[in-house]
Amino acid sequence: MSTATTTEPAVHSSGSKAYDQLIGLLRENETLKSVANAMSWDQETMMPPGGADLRADQLTLLSGMIHERNTDPRLGDLLGEAESDAAIASDPIAQANLREARRDFDHATKLPKSLVEEMARCSAQGMNAWKAARAANDFPKFLPWLEKTFELNRRKAECLGVPEGGELYDALMDIYEPGMTAKRTEAIFAPLREFTVPLVQKVAEAKASGKAPSVDPAVRPLPIEKQIEFATRVTGAMGFDYTCGRMDASTHPFCQGVGPGDCRITNRYRENGWCDALSSATHEAGHGMYEQGLPKAERFGQPMAESVSLGIHESQSRMWENQVGRSHAFWKWALPVAREIFGDKALEGIEVDSIFKAANLVEPNFIRVESDEVTYNLHIMLRFELERAMIKGDLACKDLPGVWNERIKSDLGLTVTEDRIGCLQDIHWSMGAVGYFATYTFGNLYSAQFWEAMGKEIPARDQQIESGDFSAILKWVRTNIHQHGRRYSAGELCERATGKPLSSEPLMRYLEAKVQAVYGV
Ligand code: ZN
């Protein structure tokens with residue numbers, strides 16, 4: 001039996017010794033990270049509560065080791081040598097790997113150790129403060145941590161560097177959605193908001209005049225064991241490879257790519273939430289299929305085998321969850337499958353039309369994560385604008401609740417009476433993640449744009465979905481998105497796949513058609 005040593009280059013020699021050594025090092029670093037990934041997955045799924053302290057020590061130690069390796073001067077030396085090596089100048093894959101490895105190395109080394117440590121401390125303590133403040137519905141208790149978080153993020157942005165003509169916030173966005181800027185985001189979001197607010201109003205009017213479909217089919221109580229079977233059958237049919245992955249239960253559903261051949265997704269179940277369980281399963285399986293479609297077997301550790309941005313990652317989950325899993329065509333196939341698993345009697349009275357509508361209701365909600373396809377983006381745009389203003393200094397953290405509540409009233413018609421269902425609801429800021437939220441809506445935008453472009457190339461797509469054949473869809477995303485890893489930026493990838501830069505129009509067309517089909521308005 002051969003014991004592969006990870007110092008060997010992952011691919012055949014490139015002709016550049018420095019490049020081959022660099023690739024070997026990156027592979028080792030990623031192998032170490034995969035250990036942390038497996039431990040994190042275990043922490044959320046299998047670990048007994050008593051193991052929490054040891055696990056925290058294990059993960060802290062591992063992340064320190066990984067950071068040390070990622071900032072190792074030897075890595076910088078090899079990068080420099082490989083960048084000037086003529087032997088690989090004409091190899092586009094090697095060039096993409098070098099460009100992205102340089103980006104990662106610069107990012108990792110630009111932040112002074114003292115700042116990294118201060119941020120880690122602030123995030124650990126801030127998360128505890130946030131949990132307590134949210135439970136007690138006490139914003140002032142969290143305020144000092146919020147102020148500190150934004151102060152540290154401003155310093156972080158200064159260290160990372162502001163792109164020419166840009167603003168501090170751009171440097172933070174760039175961590176999660178490389179190349180994206182606040183200005184460009186604003187230009188894409190503005191028409192989407194102008195479109196969404198009146199659409200929500202139109203739905204409210206339809207409901208007021210008694211035209212709302214019933215939610216009952218989506219909340220029919222069904223045994224959890226059978227829900228697991230159904231979710232597994234659907235995600236397997238879509239293309240999540242269970243020989244290289246598994247699905248378990250956790251409090252919050254997530255996807256954790258461990259490494260080549262091993263991708264973990266989780267789901268959660270409630271007796272009267274079979275449609276919720278289905279949508280989170282298809283969502284996480286979408287993330288999982290992206291992980292499984294990246295060329296990890298050949299290129300583990302190389303940027304070419306990694307996801308390009310959070311927005312693109314989210315587009316892959318949203319597409320399977322929404323464009324596929326909430327479509328009329330999908331339910332034509334899935335309802336008979338559900339009958340087979342749950343039994344005819346358990347689903348009595350549910351028809352394709354009624355379950356399709358029940359799974360697509362538009363219902364303004366205080367809580368982002370419980371929101372539907374239409375109102376969800378309003379929650380994101382609010383967060384994007386407020387955090388950008390807080391980084392700029394245009395909005396003081398102490399004024400957050402008032403501005404938040406005003407906006408929820410004007411956008412969704414809801415009156416926030418408690419901050420725990422208002423500005424205290426999300427974990428992101430307490431963790432120190434500023435510049436992250438917009439990527440959720442980028443995911444919705446990319447998925448709609450990919451879906452539209454794909455539809456032109458697969459004219460029989462609906463009929464294929466109706467018969468439970470998802471292979472052409474999977475092939476399209478594998479070819480146009482997954483296989484490229486970080487070779488192109490998210491923006492370039494979008495243009496190559498769809499012929500156009502990212503725009504809000506495909507999503508608006510998609511949502512308009514959806515609302516028309518469900519509410520007849
Ligand atoms: Zn997601």
Side-chain angles (χ1 to χ4, degrees), residues 37 40-41 44-45 173 175-178 180 185 231 234-235 238-241 245-258 263-269 273 275-294 306-326 359 365 367-381 383-384 425-429 431 433-451 473-474 477 481-482 485-486 490 493-494 502 507 510-511:
N37 292 346
S40 303
W41 168 82
E44 303 300 322
T45 51
M173 269 199 129
I175 299 168
Y176 309 103
E177 197 66 17
M180 187 53 92
T185 305
V234 170
T235 50
M238 286 176 165
F240 183 74
D241 180 358
R246 49 179 296 134
M247 179 164 66
D248 295 272
S250 68
T251 319
H252 301 287
F254 66 89
C255 167
Q256 176 75 71
V258 175
C263 175
R264 315 288 174 97
I265 57 175
T266 69
N267 199 15
R268 70 171 156 207
Y269 304 91
C275 279
D276 277 351
L278 176 69
S279 61
S280 48
T282 50
H283 181 100
E284 299 309 331
H287 282 304
M289 284 183 262
Y290 184 22
E291 289 289 321
Q292 291 181 333
L294 293 165
E306 287 167 7
S307 58
V308 60
S309 76
L310 288 187
I312 295 292
H313 223 307
E314 191 67 4
S315 77
Q316 297 308 288
S317 58
R318 289 297 193 182
M319 185 194 81
W320 293 102
E321 176 193 357
N322 292 331
Q323 272 83 9
V324 180
R326 283 196 161 86
N365 195 313
I367 306 293
R368 172 183 63 86
V369 295
E370 291 172 11
S371 295
D372 55 80
E373 278 185 279
V374 176
T375 55
Y376 188 91
N377 299 308
L378 292 173
H379 284 277
I380 296 305
M381 292 187 261
R383 286 156 177 77
F384 160 71
Q425 66 182 270
D426 294 306
I427 196 171
H428 302 61
W429 291 335
M431 289 166 56
V434 176
Y436 186 115
F437 278 118
T439 65
Y440 292 117
T441 285
F442 295 149
N444 293 334
L445 293 162
Y446 282 126
S447 72
Q449 191 158 331
F450 292 147
W451 189 249
I473 298 172
L474 184 62
V477 287
I481 296 151
H482 302 180
R486 288 166 66 183
L493 195 67
C494 178
L502 182 64
L507 181 61
Y510 165 79
L511 292 175

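As the structure lists them, so they are numbered: ligands from 1, and atoms in each ligand from 1.
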Has the side chain of [X] got a donor or acceptor atom that lies under 3.5 Å from a matching backbone atom of [Y]?
X    : Y    : value
R268 : H252 : no
Q292 : D241 : yes
T266 : F254 : yes

*To the nearest 0.5 Å, tell me how far C255 SG sits from F240 CZ.*
7.0 Å
*asked:* If I only include protein atoms of type N, O or S, how many are less than 2.8 Å from the Zn ion (ligand 1)?
replied: 3
*Six-ring centre of Y376, R318 cation under 6.0 angstrom, axis tolerance 45°*: yes
*cation_pi(R368, Y440) dist<6.0 Å, angle<=45*: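 Yes, a cation-pi geometry.
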